[in-house]
Each structure stands twice: as C-alpha cells, then as structure tokens.
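Labels below follow one simple rule: chain letters A, B, ... track the order of the sequence lines, proteins then strands, and each chain is numbered from 1.
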2 protein chains.
Amino acid sequence: MPGLDPVPKSTLRAHVAERLRAAILAGDIAPGAPLVETALSERFDVSRGPLREALRQLIEEGLVVTVPYTGTHVAPLSVDDVHEIYSLRTALETFAFEQVWARRDDRFRAELNRRNAALIATIDAGDDRASILSELELHGLVYEASGHRLLQRAWHGLRGRLQLYWAAHHRAHGRRGPRRDSHDSYIIAALGNDLAVLRLEVADHMRRGAEQTEKFLRAMPNLSGESKRGDMT
Amino acid sequence: MPGLDPVPKSTLRAHVAERLRAAILAGDIAPGAPLVETALSERFDVSRGPLREALRQLIEEGLVVTVPYTGTHVAPLSVDDVHEIYSLRTALETFAFEQVWARRDDRFRAELNRRNAALIATIDAGDDRASILSELELHGLVYEASGHRLLQRAWHGLRGRLQLYWAAHHRAHGRRGPRRDSHDSYIIAALGNDLAVLRLEVADHMRRGAEQTEKFLRAMPNLSGESKRGDMT
DNA sequence: CAATCGTCGATTGTCGACAATCTGGCACGC
DNA sequence: GCGTGCCAGATTGTCGACAATCGACGATTG
C-alpha cells in the first residue's frame, strides 16, 4: 500500500485561514482594509481563538499585517514590493529549474506541457481569473518537480503576495493582456537542453512581468489604501 | 528624523516564542522531543492561548512540527534537510550578494570587516557557541545590506533550521573545527570586484559547510529518534 | 493464541468572559 | 490659539473551562 494522505483532517483554524485567504486574494477584502477579530469571528461563526490563529498564519504568509493592541489589516500594495517579489522570484525559479535539471525527471515535461496547455486554454477563453490560477499552477510545477521542500516553502511565501497583485491588476484593468507568446517561449526553453538560455528566459520573463505590474501599480490613485491614518510599515 | 522602532512592545506571545526558540536552538529541548501545551504553559506561567500562538510562529519558522489532535514536537533532524538548507542558501546568498553589489553601499564593507573580525575573535577564543552567533550575524549582514525585505524573510526562514543543525553539531562534537581560512577568503572575494569569483566562493563555502554538517549527521546514532524523555520539567 | 473492539487517559481544539492597551476627541488651563 | 491631560470607545491580549479527537492498553471472543 503506497503512502497516501487520504484524510482531510479538519480544524476550524484551517478552514478559516483558507476562506479568509481566498477572500483576500479574490479582492473581497481590499488591500489595506482593517480586519476586526470580533467581526470576522461573527462572520465565520467561530470564536476568536481559531480566528486569531488563522490570522497568524496569514501574517506569516505576508497577506496580513498587524500591530499589537492596535489593529490588523490586509497587507497594503506597494511598488517596492513588486520589484522585490519579481527579483526574488527570479532567483528562486532559476534555482528551481536547475534542480529539476539535475533530477532529469521526464514526467515533469509531460505535466509541464499539460499545464501549459491548460493555461493557454484559459487565456484564449478570456477567463482571466482562471488564467491567474493556471499560471500559478504552471510555475508551481517547477517548484514541485524540484523535490526541494524548503524551496517550495519559500515559493509559497512569495505566491500569496504575487497573487494579491495579479488579482488587483485583474480588478483594475480587466484582462492582464496577451501572454501566450511569453509562455510558449518559456516552455520551449524548458524543453531544450541549454540551461544558460533557460536562465535568460526566466530573467526576461520576470522582467516583463515586473514591468507590467509596476506600471499598473503606479497608475493606481491610492496604492496602499491608506484612507485615514498614516502608514503602518 | 530617521525611521526607528522606539518602543519594545511586549506581548506574552512574543516573549514565549523568543524563549522557546532560544531553548530549542540551545538544545535544551532535543530535536524530536514532544512539546506538550499544558506543560509548557505551566512552565512559562502563561495560559495556553498565547502559548499556542507562539507555537504557530515557531511552526512557520520550521522549528516545530505538529499534527492536529495528536501532538507537537521539535522539528527532527534529517540529512536531506541539510542538503536542502545549504543548496537553497547558496541561491539566496548569491542573490543577496548581487543585490548588495548593485547598491554599491560602502558602509557595507566596513561593517562586514567588523563582523568578520568579531567572528574570527570568537573562533580564536574557542568560544564555539558565540562563533555560531557571530557567523550568523556575519552572513545576516549580507541580507540586511541587500535592502531586500522579502529576501530577508526567506533568510529568516532558513536561519532557524541552520542554527538548529549547527547547535546539534556543537553539542555532539564540541568545536566545529577551524573555519578561519574559509571566511578570510570569503571576505577577500566580497571586497574584490569580480562577481563571478564571488559566486564561486559562495558556492564553495556552502559546499564545504554542507559536507561537514552532513558528515556529522550521518555519524549520529539516531537522527530524529525520540530521546526517551524530552524532559523539560 | 490471535484478532477485534471498547474504554480510558492524554493532548489538542474551541469557546466565552475579562483585562490591558491603543486611538481619537474633548475639555481645560495657559 | 495652543498645548496638555484625560476620558470613552474600540480593539487586541489573556485567561480558565469545556469539548473533540487520538493512541494505547486491555478485555473479549472466536
């Protein structure tokens, strides 16, 4: 009997964290908006105990910020963050590709093509929301295939923030624009044999992504949604 | 007026997390040992609420593992982990050096020399415990000087595990061995102007560190095995 | 004697109430 | 008018008690 984790063990903390994260990433709660524990506990019909633990988890994921005895807010958007996200992601994803390379796992290529096809399908269908998830799954595969657990942890630490910005971009501008070509070349490089070329492809892919997101962010009126009071960084 | 964090705001959760982390890293609680909430809450004289939140934080830091309704333990040691830690650290620290390079912050070099001197002093003095902290501070400076907050977060996610293994090594073998030379060359490369050389230096430094730690780990009788009593009374 | 099932202790999960702290506004004195 | 101190509301921090779940031990039965 091969090792399997069949049981969907359930804790309120996990459920609340999941739903709250989904709400934030979907934009139902805007970046910078306050998160009041009592209100949330009533909204989710749980006590503040599990709710607070769920908040702690989202804090560690970088989706929520808090100040002791003062308040908790959804993480605000910032132009500097975008640059940091994409630059660090370049380093991580390049490293991930190198790891995959070293393992020479062929199942990786088939699954990569599968997810890339799924991504292109959602893009062609104009389903921007789904294409965001598809793109995250496509890139996530590289980290999964690396077999590097700590690397995957680091990626998870970035993914939330990245999704936060993509979602905001989606809400502000609708479609994020045509990205078929960039992904096609990405795949070609991954399937090729030249690691140096792949490195350049990754860097170029990230550079364009960062430029696009930064441009959109700068065009936004009030970035971090600081309506009333000074910042909380 | 430069930004400063004046008030050392105190919460029980923060205190407990700090002390518990220190206890784990110092080896007062062995890797794999159980962490019972009721016992810890009595030990620290706090209720289980703040204690649980502190545990959540240590879980996110990778120092503690837990399974719902069953139990919580100090993270066990594993040979695979060492390889992952050092390989990911190579990627992160190389990236950090490149960031520092791009900023051309000269204060960095002075402080780098200062901390390197401090490290060598502790090594020469034979104070192994202090040299571990000194080495972490030396490498930590690279991340600080990068001015890259997300990179620092990623580093913090690695640092705990790394310190855990170094501390175990220290307890098992006493001195970790002479490392003056490696750090001298590290500094020389950092102060030089050839980034390519620096990259190789970083990779070499990490390779040797990983080899040393892995060797020591393999020599250990029972890696993550539970010592009979995770005694903490 | 082996396998199965129920029970029990241990541990974590959850809850509601109370205390500590911060923010903002207002009255007061200069 | 301006600064100061204080008060009230809101929000988070903390606590103790109760419920849910798990793992192991032992009784039971074939």
Side-chain angles (χ1 to χ4, degrees), chain A residues 1 4-20 29 32-60 63-76 225-233, chain B residues 4-20 29 32-60 63-76 225-226 228-233:
Chain A
M1 204 78 79
L4 32 75
D5 355 71
V7 192
K9 271 188 200 151
S10 167
T11 49
L12 283 187
R13 157 181 78 249
H15 277 176
V16 169
E18 187 177 347
R19 289 194 48 186
L20 193 53
I29 313 178
L35 295 171
V36 183
E37 294 180 0
T38 55
L40 288 176
S41 76
E42 189 170 334
R43 176 113 158 53
F44 289 118
D45 195 41
V46 297
S47 83
R48 280 179 53 217
L51 180 83
R52 283 170 62 87
E53 296 185 7
L55 280 180
R56 294 291 147 207
Q57 186 171 338
L58 296 185
I59 287 172
E60 293 298 323
L63 262 50
V64 165
V65 295
T66 185
V67 178
Y69 287 109
T70 303
T72 310
H73 299 78
V74 179
E226 297 306 324
S227 323
K228 20 196 159 184
R229 295 298 310 174
D231 72 336
M232 66 198 66
T233 37
Chain B
L4 30 74
D5 351 79
V7 191
K9 273 183 203 158
S10 169
T11 49
L12 284 187
R13 159 182 76 248
H15 277 174
V16 169
E18 187 177 347
R19 289 194 49 185
L20 194 53
I29 312 177
L35 295 172
V36 183
E37 294 180 1
T38 54
L40 289 177
S41 75
E42 190 170 333
R43 175 107 159 62
F44 289 118
D45 196 42
V46 296
S47 84
R48 280 179 53 219
L51 179 83
R52 282 170 62 87
E53 297 185 5
L55 280 179
R56 294 291 148 207
Q57 186 171 338
L58 296 184
I59 288 172
E60 293 298 324
L63 262 50
V64 165
V65 294
T66 186
V67 39
Y69 288 107
T70 303
T72 310
H73 299 78
V74 179
E226 40 272 33
K228 44 213 143 182
R229 294 276 310 168
D231 186 47
M232 67 195 62
T233 51

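Ser41(B) places no side-chain N or O within 3.5 Å of a backbone atom of Ala39(B) that could act as its donor or acceptor partner. Remark: side-chain polar atoms of Thr72(B) are not paired, donor with acceptor, to backbone N or O of Val65(B) under 3.5 angstrom.
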- Residue pair Thr66(A), Arg56(A): steps toward the side chain to side chain contact (heavy atoms under 4.5 Å, CB included) verdict: CA-CA 9 Å; Thr66(A) 185; Arg56(A) 294 291 147 207; 4.0 Å; yes
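Within the 4.5 Å cutoff, the side chain of Arg13(B) has no heavy atoms near those of the Val46(B) side chain. Looking only at side-chain heavy atoms (C-beta outward), Glu60(A) and Gln57(B) come within less than 4.5 Å of each other.
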Every protein N/O within reach of nucleotides 12-15 of chain D N/O, cut-off under 3.5 Å:
residue: dT12(D); atom: OP1; partner: Leu35(A); partner atom: O; Å: 3.1
residue: dT12(D); atom: OP2; partner: Glu37(A); partner atom: N; Å: 3.0
residue: dT12(D); atom: O3'; partner: Tyr69(A); partner atom: N; Å: 3.3
residue: dG13(D); atom: OP1; partner: Arg13(B); partner atom: NH2; Å: 3.2
residue: dG13(D); atom: OP2; partner: Arg52(A); partner atom: NH1; Å: 2.5
residue: dG13(D); atom: OP2; partner: Arg52(A); partner atom: NH2; Å: 3.0
residue: dG13(D); atom: OP2; partner: Arg56(A); partner atom: NH2; Å: 3.4
residue: dG13(D); atom: N7; partner: Arg48(A); partner atom: NH2; Å: 2.8
residue: dG13(D); atom: O6; partner: Arg48(A); partner atom: NH1; Å: 2.8
residue: dT14(D); atom: OP1; partner: Leu12(B); partner atom: N; Å: 2.4
residue: dC15(D); atom: OP2; partner: Ser47(B); partner atom: N; Å: 2.8
residue: dC15(D); atom: OP2; partner: Ser47(B); partner atom: OG; Å: 3.3

